[in-house]
Amino acid sequence: MRRSAEFADAIRAGARSGSRRVVVHYHHSGSTRDEPARVGFVVSKAVGGAVQRNLVKRRMRAALRAEVHHLPRGSAVVVRALPAANGSSFAELRDDVVHCLGRARRSEEGRR
RNA sequence: UGAGUCGGCCAGGCGGCCGCGUCGCGGAGCGAUCCGCGCCGAGGAACGUCCGGGCUCCAUAGGGCGGGGUGGUGGGUAACGCCCACCCGGGGUGACCCGCGGGAAAGUGCCACAGAAAACAGACCGCCGCACCGGUUCGCAGGUGAGGUAAGGGUGAAACGGUGGUGUAAGAGACCACCAGCACACCGGGUGACCGGUGUGGCUAGGCAAACCCCACCCGGAGCAAGGCCAGACAGGAAGCGCUCGAGGGCUGCCCGCCCGAGCUUCCGGGUAGGCCGCUGGAGGCGUGCGGCAACGUACGUCGUAGAUGGAUGGCCGCCACCGAGGCGCUCGCGCCCCGGGACAGAACCCGGCGUAUCGGCCGACUCAUCCG
């Protein structure tokens with residue numbers, strides 16, 4: 001995702017699941033458009049300095065890379081990092097992201 | 001060997017698997033784009049955004065006032081509030097370090113607390129003679145009053161030169177000698193800040209200019225969201241001012257001058273925030289020679305490769321070095337095993353500086369102390 005409108009849609013319309021380190025928003029826009037799954041990251045200054053934020057973002061991106069192929073087409077995922085993400089290991093971040101993604105996805109699919 | 005001073009440099013290395021961005025080549029597709037291969041891909045501070053430039057736009061960047069900045073001297077530089085050398089003051093045995101270092105004898109203002117008094121000085125104690133009071137062992141001691149006095153005490157960051165003498169009731173640059181310091185003149189040295197010497201003067205002149213101020217020099221404004229091109233969207237309405245007797249604009253304020261000039265301002269309502277250029281080769285790094293004490297300049301040779309835009313340069317693992325605890329072995333300073341650690345920090349138009357952060361390590365020059373020859 002590259003546009004703020006996409007982020008806003010995914011966060012507002014989608015289902016949410018959080019942990020101590022991250023919050024995952026999942027949204028499926030419906031079967032109208034046949035486009036690949038989209039992923040976005042939000043890492044605010046509350047997490048830390050530029051170096052820490054970059055590292056968190058890169059680890060989350062690496063963690064989600066393995067999952068993105070299992071996502072249905074037309075879905076949108078936004079991962080927000082919380083301040084506790086700063087200093088976490090890759091394994092901790094990956095487990096949180098995967099776990100929360102699963103819960104959010106089940107929640108949204110149950111709603112429909 | 002031990003303490004220390006100054007300067008420079010590095011910012012772990014190698015490999016495997018899976019990935020990212022620009023560019024080039026090849027291929028697929030009408031195209032958006034995708035696939036394969038290859039090159040390159042964060043820092044010494046990329047940071048803070050505190051100065052100085054380049055670049056872009058504002059007509060060409062004009063004059064005055066105001067405002068801001070700098071502040072020993074000479075040089076370096078595109079420029080600087082930076083750097084180098086020197087001067088002066090202060091600190092250190094020394095290498096060396098520190099200084100917001102123009103003017104307080106142009107003016108105005110301020111100087112807390114303490115202290116009697118804090119700036120044309122000032123009598124709290126003390127000292128001194130005089131007058132008066134009562135006392136008296138007739139030497140004087142005490143008290144009161146109007147005075148004299150800055151030599152002594154005490155306060156303070158700072159008390160209006162220091163030492164010795166003359167002088168006096170006691171004292172005082174009141175006067176004298178020497179010393180310190182100041183101003184002026186002359187001589188000598190230095191490009192200069194300034195230094196050295198001689199003479200004269202008056203005896204003395206406190207601090208703060210990061211208080212106002214004065215002096216010298218410098219400064220037009222805004223910034224790559226500069227600026228330009230392309231594509232695309234919508235819907236206008238009301239009020240005020242103005243159309244050569246001119247609104248408004250030319251981006252800190254005011255005045256003048258100059259230029260542009262037919263629209264501008266406010267309110268309500270509506271729409272868009274996509275792509276490309278700018279965009280990385282520049283006062284560039286390194287080496288050698290020459291000039292210079294140095295900063296730096298110059299000639300020649302050589303090396304050149306980040307360019308993202310929800311913002312790439314990564315994720316995981318192994319091995320080897322480095323540092324620090326612990327254990328074992330012995331030939332006592334090495335070997336083996338195991339655990340832990342590796343900082344500060346992420347380009348966004350580009351340079352020159354400054355400031356700040358930083359686990360550690362390496363190199364060079366110099367100083368002091370001690371020992372040996």
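Throughout, a chain's letter reflects where its sequence line sits, starting with A, and its residues are numbered from 1.
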Side chain to side chain donor-acceptor pair (under 3.5 Å) partners of A:Ser17, counting only residues at least two apart: A:Arg103

Whole-Å P distance, B:rU309 and B:rU298: 40 Å

A:Phe7 ring over B:rG310 six-membered base ring, under 5.5 Å and 30°: yes

For the student: nearest non-hydrogen atoms of A:Arg105 and A:His70, plus distance: NH1-O, 3.5 Å

Pairing nucleotide - B:rG246, Watson-Crick or G-U, each distance under 3.5 Å: none

Torsion-based syn/anti label for B:rU252, 90° from 0 as limit: anti

Nearest-angstrom distance, C1' atom, B:rG353 to B:rA283: 13 Å

P spacing across the pair B:rC277 / B:rC23, given as an integer number of angstrom: 9 Å

Heavy-atom check, side chain of A:Val79 versus side chain of A:Val42, under 4.5 Å: no

When you compare the protein's N or O atoms with those of nucleotides 18-22 of chain B, which come within less than 3.5 Å of each other, and at what distance?
unit_1	atom_1	unit_2	atom_2	d
B:rG19	O2'	A:Arg65	NE	3.2
B:rG19	O2'	A:Arg65	NH1	3.0
B:rG19	O2'	A:Arg65	NH2	3.0

Anti/syn call for B:rG148, syn if |chi| within 90°: anti

Residue matched to B:rC40 through Watson-Crick or wobble contacts both under 3.5 angstrom: B:rG21

Exam field: side chain A:Glu109 to backbone A:Arg106, donor-acceptor pair closer than 3.5 Å: no

Taking every non-hydrogen atom, the tightest pair across A:Gly18 and A:Cys100: C-SG, 3.8 Å

Watson-Crick or G-U wobble mate for B:rG333, both contacts under 3.5 Å: B:rC330

In B:rG287, glycosidic geometry as syn within 90° of 0 or anti otherwise: anti

Whole angstrom value for the distance that separates C1' of B:rG315 from CZ of A:Phe41: 12 Å

Between NZ on residue A:Lys57 and CG on residue A:Leu93, distance to nearest 0.5 Å: 14.0 Å

Pairwise C1' distance, B:rC20 and B:rC316 [rounded to whole Å]: 16 Å

Validation row: A:Met60, A:Val56 side chains within 4.5 angstrom (heavy atoms): yes

From A:Tyr26 atom OH to A:Glu108 atom CD, the distance as rounded to the nearest 0.5 Å: 6.5 Å

Residue met sooner reading RNA chain B from 5', once A:Ala91 and A:Val42 are mapped to nucleotides: A:Val42

Integer angstrom distance from the C1' of B:rG68 to that of B:rC243: 41 Å

Any-strand Watson-Crick or G-U partner of B:rC34, both distances under 3.5 Å: B:rG27

Mate of B:rC132 where both pairing distances stay under 3.5 Å, Watson-Crick or G-U: B:rG143

Distance, P atom - from B:rA45 to B:rG352, rounded to whole angstrom: 10 Å

Spacing of the P atoms in B:rC127 and B:rG142 (rounded, Å): 8 Å

Who pairs with B:rG7 - Watson-Crick or G-U, where each distance is under 3.5 Å: B:rC363

Residue-level proximity of residues 50-59 of chain A to RNA chain B when a heavy atom falls under 4.0 Å: A:Ala50, A:Val51, A:Asn54, A:Leu55, A:Arg58, A:Arg59

Nearest-angstrom distance, C1' atom, B:rG250 to B:rU60: 13 Å

Which atom of A:Leu82 lies closest to which atom of A:Arg20, heavy atoms considered: CD1-O, 3.5 Å

Syn/anti label of B:rA42 as read from its glycosidic torsion, with the cut at 90° from 0: syn

Side-chain touch A:Leu101/A:Glu67, heavy atoms, less than 4.5 angstrom: yes

Anti/syn call for B:rG139, syn if |chi| within 90°: syn

Counter-base of B:rC300, judged by Watson-Crick or G-U geometry with both distances under 3.5 Å: B:rG287

Min side-chain heavy-atom separation A:Asp96-A:Arg94 under 4.5 Å: no

Pairing partner (Watson-Crick or G-U wobble, both distances under 3.5 angstrom) of B:rG223: B:rC55

